[in-house]
Number of protein chains: 2
Amino acid sequence: MAGTIKEIARIANVSRGTVDRALNDRPGVNKEVAQRIKEIARSMDYKPNSVAKALASRNRQFVIGVLINSIGNPFFDDVILGIEAARQEIKDFGFQLKMRKMRGYNAKEQLELIKTFVNEGIDAFAITPVSDPMIRDALNEMIADGIHVVCFNLDLVGVNYLAYVGCDYYKSGETLGGMIGYITGGKARLGVIACTNNLEGHRMRVEGCQRVLEKEFPQSEIVEVIEAEDNDEIAYQKTLRMLEERKEINALCFNAGGTRGGLQAVRDLGLEKKLDIFTFDLTPAVIEGIQNGIVKSTVCQQPFTQGYQSIKILFDAVLNDVIPENDHLYTDLSVKIKYNL
Amino acid sequence: MAGTIKEIARIANVSRGTVDRALNDRPGVNKEVAQRIKEIARSMDYKPNSVAKALASRNRQFVIGVLINSIGNPFFDDVILGIEAARQEIKDFGFQLKMRKMRGYNAKEQLELIKTFVNEGIDAFAITPVSDPMIRDALNEMIADGIHVVCFNLDLVGVNYLAYVGCDYYKSGETLGGMIGYITGGKARLGVIACTNNLEGHRMRVEGCQRVLEKEFPQSEIVEVIEAEDNDEIAYQKTLRMLEERKEINALCFNAGGTRGGLQAVRDLGLEKKLDIFTFDLTPAVIEGIQNGIVKSTVCQQPFTQGYQSIKILFDAVLNDVIPENDHLYTDLSVKIKYNL
DNA sequence: ATGAAAGCGCTAACAT
DNA sequence: ATGTTAGCGCTTTCAT
């Protein structure tokens with residue numbers, strides 16, 4: 001039984017207020033007294049009761065800001081469900097979520113929104129960061145000001161965040177490569193519809209795939225990589241063009257948004273039966289494609305968990321001063337086919 | 001802002017005690033008054049604060065019993081991790097877990113342990129039930145006595161549980177069938193090492209696999225199904241025998257425990273290269289097999305989540321009277337290959 | 001720098 | 001049947 005502040009106070013012969021101040025490094029307590037109190041706490045293996053803590057500091061509402069790159073990208077629907085689930089769990093602890101959504105990967109636009117959050121005053125922040133030094137610096141500044149930060153879905157090197165919560169993009173590419181090798185019998189002539197080369201994660205995804213094909217399925221090759229910028233219209237046009245120009249292509253993979261457009265191009269060319277098609281994530285277009293048999297398999301990265309865990313980590317940091325032991329929380333990669341959707 | 005008991009009391013012109021009694025259907029409150037109080041609560045969309053609730057009823061310790069079929073089956077290691085994670089989260093709410101482990105699927109033995117739990121007095125119960133009418137009846141009796149029950153990993157029809165938390169075994173079999181078809185190029189002569197025919201789930205697993213092979217890969221067939229009872233030694237002997245007698249077998253799948261033993265038989269016969277091998281779950285033997293390239297793919301069922309969610313559901317039921325909307329919580333089925341372990 | 005006391009929202013024992 | 005009151009463990013304000 002881990003003891004309470006009251007007990008510590010009795011043993012230390014001080015008041016409960018003093019114990020609270022000492023244990024939480026609040027100002028206004030004699031150094032030696034604080035030392036003694038901490039010693040007693042340690043000796044009795046004192047663990048603060050987070051329930052009581054939450055109740056007591058309920059007058060102070062904590063605010064977690066969330067900035068998410070979700071507009072126009074259905075992948076994020078499940079991420080948001082995870083965020084909402086976490087919101088429910090922590091609201092009775094006096095936590096409030098403030099979520100803003102943006103479209104695309106414009107660093108300036110994102111920077112503006114970050115500033116808005118900072119001005120409004122938040123205790124913690126979760127973001128899908130654009131790869132840009134400006135963003136990196138802005139986040140580090142927040143962190144220096146004592147705001148806890150988590151990056152999710154997209155990693156950004158150089159940020160002193162509490163954690164990155166998202167998939168290992170390289171590994172996700174390798175996994176795709178493995179499935180392509182298995183299903184094409186090792187003889188893939190692959191066309192890749194990627195996101196944009198500006199996103200490090202998505203670049204690594206292509207590299208991971210390439211490595212596995214080269215090493216394990218040497219009769220395979222990547223014929224061409226095009227960039228669709230998560231946009232269905234661009235994906236449609238470029239896929240059409242690629243398939244017309246490169247008749248040798250027998251397999252296609254869609255690495256990010258724009259899958260719906262790309263699949264439409266395949267259909268319009270009547271190539272559904274001739275191509276082995278692979279995707280990432282489980283958007284409605286992908287689900288439909290798998291059910292129709294057009295898409296053979298997809299590699300998923302636990303969107304719900306990404307949203308849920310990001311918020312829970314921030315919650316634990318703000319309320320209980322818990323810092324995650326590992327600053328990279330890689331979400332499970334799972335392969336889906338027709339039967340385990 | 002959802003209001004508090006205090007406010008309701010003020011509006012209804014009664015004391016907080018009465019409001020508490022009315023809202024929680026405790027005895028000793030006038031019917032009409034109770035009605036009025038509930039009406040007010042509804043009108044202001046009152047939601048009890050679970051944090052305060054937990055703190056207040058902290059003197060009463062809640063006990064959740066857990067009976068798990070884990071001894072000798074490494075699959076359950078992760079399930080137990082999930083249970084432990086949940087334990088941490090709910091302990092400050094005054095919840096205590098009492099876990100007992102058993103080996104195998106003996107109904108009488110399980111019944112004895114259930115009785116022990118009942119005698120000791122528990123508020124909720126999570127169990128991996130053996131398929132037996134005795135167990136079904138014992139659980140329904142508990143439920144009638146007001147103890148919340150969740151079945152996890154194994155379903156048991158006829159139990160009025162709060163929920164079953166585990167995989168859809170039929171679907172898991174279909175998923176396996178799909179992978180077998182893809183990887184063998186549709187030409188599998190399959191040997192199946194199953195658990196035991198007594199477990200409905202594991203029977204359905206074989207059926208699901210069979211259905212997909214018949215329908216989608218008609219050049220494939222299941223050559224033989226043997227039962228290994230989750231036991232490595234039995235699996236070793238029977239696999240050895242099967243492979244020696246049925247030389248046409250070119251693919252193997254291990255549906256449950258005993259994988260380590262079965263894989264050893266394959267190695268001893270020097271057939272690693274000649275067979276496509278498939279498994280379920282991610283036990284150490286499977287991980288090793290996949291890394292070595294002996295095992296091609298495995299179908300996983302989220303053991304951590306099974307443990308974690310089972311406890312969380314019981315917690316929510318006991319503390320907040322939350323009944324899950326769906327009494328079947330199927331955990332995600334994910335295919336793993338060498339690259340997304 | 002420290003103590004005393006009020007209170008977070010709810011429950012439960014005790015009074016009436 | 002209903003009201004009153006004392007907590008649960010912690011934070012915070014106000015005295016001292």
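Proteins come first, then strands; the chains are lettered A, B, ... in the order of their sequence lines, and each starts at number 1.
- Across the protein-nucleic acid pair, Asn320(B) atom CG and dT11(C) atom P stand 10 Å apart, rounded to whole Å.
- Taking the side chain of Leu55(A) as heavy atoms from C-beta on, and the options dC8(C), dG3(C), dG3(D), the nearest nucleotide is dC8(C).
- Distance, Ile37(B) CD1 to dG3(D) C1': 12 Å, rounded to whole Å.
- Distances shown here put a side-chain N or O of Arg26(B) below 4.0 Å from the OP1 or OP2 atom of dA12(C).
- In this structure, of dA1(D), dC8(D), dC8(C), it is dC8(C) that holds the atom nearest to the side chain of Ala56(A).
- Look at CZ on Phe95(A): it is 19 Å from P on dC8(C), rounded to the nearest Å.
- Using bins of under 30°, 30° to 60° and over 60° for the plane-to-plane angle, the ring pair Phe304(B)/Tyr308(B) lands in the parallel bin.
- An OP1 or OP2 oxygen of dT11(C) is reached within less than 4.0 angstrom by a side-chain nitrogen or oxygen of Asn24(B).
- In this model, the phosphate group of dG9(C) is not approached by any side-chain N or O of Thr4(B) to a distance below 4.0 Å at OP1 or OP2.
- Annotation: of the two residues near DNA chain D, Val51(A) and Lys31(B), the 5′-most nearest-nucleotide partner is Lys31(B).
- For the pair Glu120(B) and Arg100(B), the salt-bridge criterion is met [side-chain N within less than 4.0 Å of a carboxylate O].
- Rounded to an integer number of Å, the gap from CD of Glu7(A) to P of dG9(D) is 9 Å.
- Heavy-atom nearest nucleotides on DNA chain D were determined for Gly28(B) and for Arg21(A), and the one closer to the 5' end corresponds to Gly28(B).
- With DNA chain C read from its 5' end, the first of the two nearest nucleotides for Val33(A) and Arg16(A) is the one closest to Val33(A).
- For dG3(C), one of the phosphate oxygens OP1 or OP2 lies less than 4.0 angstrom from a side-chain nitrogen or oxygen of Thr18(A).
- Using a 30° and 60° split on the angle between ring planes, Phe93(B) and Phe315(B) fall in the perpendicular class, above 60°.
- Note: NZ (Lys53(B)) to P (dC10(C)) measures 9 Å, nearest angstrom.
- In this structure, Ile143(B) and Val159(B) have side chains that are in contact, with non-hydrogen atoms separated by less than 4.5 Å.
- Remark: C1' of dT2(C) and CZ of Arg10(A) are 19 Å apart, rounded to the nearest angstrom.
- Put simply, the side chain of Arg103(B) never gets that close to the backbone of Ser70(B): no donor and acceptor are under 3.5 Å apart.
- Note on Lys6(A): a side-chain N or O is less than 4.0 Å away from OP1 or OP2 of dC8(D).
- Where Ser50(B) and Asn30(A) meet DNA chain C, the nucleotide closest to each residue was compared, and Asn30(A) sits on the side nearer the 5' end.
- As rounded to whole Å, 15 Å separates atom C1' of dA4(C) from atom CG of Asn13(A).
- Within 4.0 Å (heavy atoms only), Tyr46(A) reaches sugar-phosphate atoms of the nucleic acid but no base atom.
- In this entry the distance linking CZ of Phe62(B) with C1' of dA12(C) reads 12 Å, nearest Å.
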